[in-house]
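One structure is given below, encoded as structure tokens.
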Amino acid sequence: MTTTTIEPNVQPYLFFDGRCVEALEFYKTALGAKMEMLMHFKDSPDPSACMPRIDPNKVMHATFRIGSTSIMASDGRCTGQPNFQGFSLSLNLADESQAERLFAALADGGHVQMPLTKTFFSPRFGMVADRFGVLWMIHVAPPIKPFVISRTFDAPRDRVWKVWTEREQLLQWFGPKGFKMTTAKLDLRPGGSFHYCLQTPDGKEMWGKFIYRVIDAPSRIVLVNSFSDAKGGTTRHPMSATWPLEMLSTTTLAEEGGKTKLTIEWLPLNPTDEERKTFDSAHEGMKQGWGGTFEQLAEYLAKA
């Protein structure tokens, strides 16, 4: 008999003791919260589950989403005195102006415990208890240092562009040193994809996927890069569970006296703190990997 293991999933559950609807409307306005589910006590399929002397129009259970996080809520025992102590909700943002706006919205009717300020770990950090007593920590992530690598190839830009964007040519060279591309499906257009399989030197398969955003021939390509499976799904790095799930990749080609300077820039998309750290610490390894890829490209251009 096969059993399925379910990974633990922790979610905050807030009891507003009679002010839940008011809180939900507040978070819609202040934070752009999206309602996912709302059940009143009168809607319960099991009346015996309801506590006596509770207004049937109060909220038995609700779920709302802020960004990618779901938060559950209820009116609880409807005492009219919500009490939130011993924890806080951390709102992680990438933009300082957004932090200022959301902090001010949460502080309306609430109490600022620490004004937004620069700290050693964040360009903007602050703490505020909103009008219901929920404590929020507003945290702006430090800017991510992009990974950038360049090389000048002894070939005209139009030639390098074709080698970079034509399926049959990509099959001949693309991948780290010693890797061989065995499968490739290319749909070169904004919104299109490149789905490929690389064979490692020890014979293993490694699938990858590009989703093109901008194609500006013959000078620039912007795409989202990720690891993949044989069916084209997005997967984690096969050897690093904390590697960013998706990467924004910009490739630029510049003419230099009959030669071509090719520059690659990578930035993780919506990374967690752990993914940011993994990316920041991996620049040297990425430099080696792309160095090998550029070697294979240079060898292919010399033969062609």
Check ion pair Lys28-Glu25 (N to O, under 4.0 angstrom): yes
Salt-bridge criterion met for Glu275 and Arg236 (N-O under 4.0 Å): yes
Between CG on residue Leu170 and CG on residue Leu297, distance to nearest 0.5 Å: 9.5 Å
side-chain contact (heavy atoms from CB on, under 4.5 Å) assessment of Met206 paired with Met239: CA-CA 11 Å; Met206 184 177 293; Met239 294 173 286; 3.9 Å; yes
Sidechain-backbone polar pair: Gln296 side chain, Gly178 backbone, donor-acceptor under 3.5 Å: yes
Hydrophobic cluster (4.5 angstrom, side-chain heavy atoms) - remaining members for Tyr13: Phe15, Met72
Determine all donor-acceptor pairs shorter than 3.5 Å in which one atom belongs to a side chain in residues 79-92; sequence neighbours excluded.
residue, atom, partner, partner atom, Å
Thr79, OG1, Gln81, N, 3.2
Asn83, OD1, Gln85, NE2, 3.4
Ser90, OG, Asn92, OD1, 3.1
Asn92, OD1, His139, ND1, 3.4

Exam field: side chain Thr260 to backbone Arg157, donor-acceptor pair closer than 3.5 Å: yes
Heavy-atom donor-acceptor pair, Arg167 side chain to Ala184 backbone, under 3.5 Å: yes
Which atom of Ile149 lies closest to which atom of Gly291, heavy atoms considered: CD1-N, 4.2 Å
Which atom of Leu116 lies closest to which atom of Gly126, heavy atoms considered: CD2-N, 3.5 Å
Arg131 with Asp108: basic N within carboxylate O range, under 4.0 Å: yes
For Ala99 against Leu93, the heavy-atom pair lying closest together: CA-CD1, 3.5 Å
Glu274, CD atom: more than 12 neighbouring heavy atoms under 6.0 Å: no
Euclidean distance, Ile221 CD1 relative to Leu253 CG, rounded to 0.5 Å: 7.5 Å
Parallel, tilted or perpendicular: rings of Phe294 and Phe153 (30°, 60°): perpendicular
Flag side-chain contact, heavy atom, 4.5 Å: Trp207 against Thr183: yes
Pairing residues for Arg220 by the side chain to side chain contact (heavy atoms under 4.5 Å, CB included) criterion, not counting sequence neighbours: Val214, Asp216, Val222, Thr250, Thr252
Distance (rounded to the nearest 0.5 Å) between Lys58 NZ and Arg19 CZ: 10.0 Å
Same apolar cluster (I L V M F W Y, side chains within < 4.5 Å links), Ile264/Ile144: yes
Side-chain donor or acceptor of Ser74 paired with backbone N/O of Met60 under 3.5 Å: yes
ILVMFWY network linking Tyr212 to Leu248, side-chain heavy atoms under 4.5 angstrom: no
Less than 3.5 Å apart, which donor and acceptor atoms pair up between the side chains of residues 186-198 and the rest of the protein, not counting sequence neighbours?
residue, atom, partner, partner atom, Å
Asp187, OD1, Arg189, NE, 3.2
Asp187, OD2, Arg189, NE, 2.9
Asp187, OD2, Arg189, NH2, 3.1
His195, NE2, Ser228, OG, 3.4
His195, NE2, Asp229, O, 2.8

Pairs meeting criterion ring-ring contact (aromatic ring centres under 6.0 Å, His included) with involvement of residues 247-269, two or more places apart: Trp266-Trp290
Nearest-0.5 Å distance, CG of residue Leu267 to CZ of residue Arg276: 10.0 Å
Where Ala129 and Gln113 come nearest, the two heavy atoms and their spacing: CB-NE2, 4.1 Å
Criterion salt bridge (charged side-chain N to carboxylate O under 4.0 Å, His left out) on Lys259 and Glu256, from CA distance to verdict: CA-CA 5 Å; Lys259 298 182 180 182; Glu256 289 190 345; over 6 Å; no
Shortest non-hydrogen contact from Ala73 toward Val59: O-CG1, 4.4 Å
Between CZ on residue Phe174 and CD on residue Gln169, distance to nearest 0.5 Å: 14.0 Å
Lys209 versus Thr234, side-chain donor and acceptor atoms under 3.5 Å: yes
Worked check of side-chain contact (heavy atoms from CB on, under 4.5 Å) between Asp55 and Cys78: CA-CA 8 Å; Asp55 184 343; Cys78 302; 5.7 Å; no
ILVMFWY cluster, Val163 and Met181 together (side-chain gap under 4.5 Å): yes
ILVMFWY cluster, Leu38 and Leu14 together (side-chain gap under 4.5 Å): yes
Under 3.5 Å donor-acceptor, Gln11 side chain and Ser70 backbone: yes
Donor-acceptor pair, side chain of Asp75 and main chain of Cys20, under 3.5 angstrom: yes
Hydrophobic cluster identity match, Ile211 and Leu223, side-chain contacts under 4.5 Å: no
Whether His237 and Trp243 hold their rings parallel, tilted or perpendicular, with breakpoints at 30° and 60°: perpendicular
Pair Leu31-Trp136, side-chain contact (heavy atoms from CB on, under 4.5 Å): steps then yes or no: CA-CA 12 Å; Leu31 302 177; Trp136 295 84; 3.6 Å; yes
ILVMFWY clustering at 4.5 Å (side-chain atoms), partners of Met114: Phe120, Phe121, Phe125, Met127, Leu135, Met137
Distance, nearest 0.5 Å, that separates NZ of Lys145 from NE2 of His283: 7.0 Å
Working for side-chain contact (heavy atoms from CB on, under 4.5 Å), residues Val148 and Glu265: CA-CA 4 Å; Val148 181; Glu265 178 180 299; 3.9 Å; yes
Flag if over 12 foreign heavy atoms under 6.0 Å of NZ, Lys177: yes
ring-ring contact (aromatic ring centres under 6.0 Å, His included) partner of Phe16, chosen from Phe64, Phe132, Phe26: Phe132
Minimum-distance pair of heavy atoms, taken over all atoms of Val140 and Ser122: O-OG, 2.6 Å
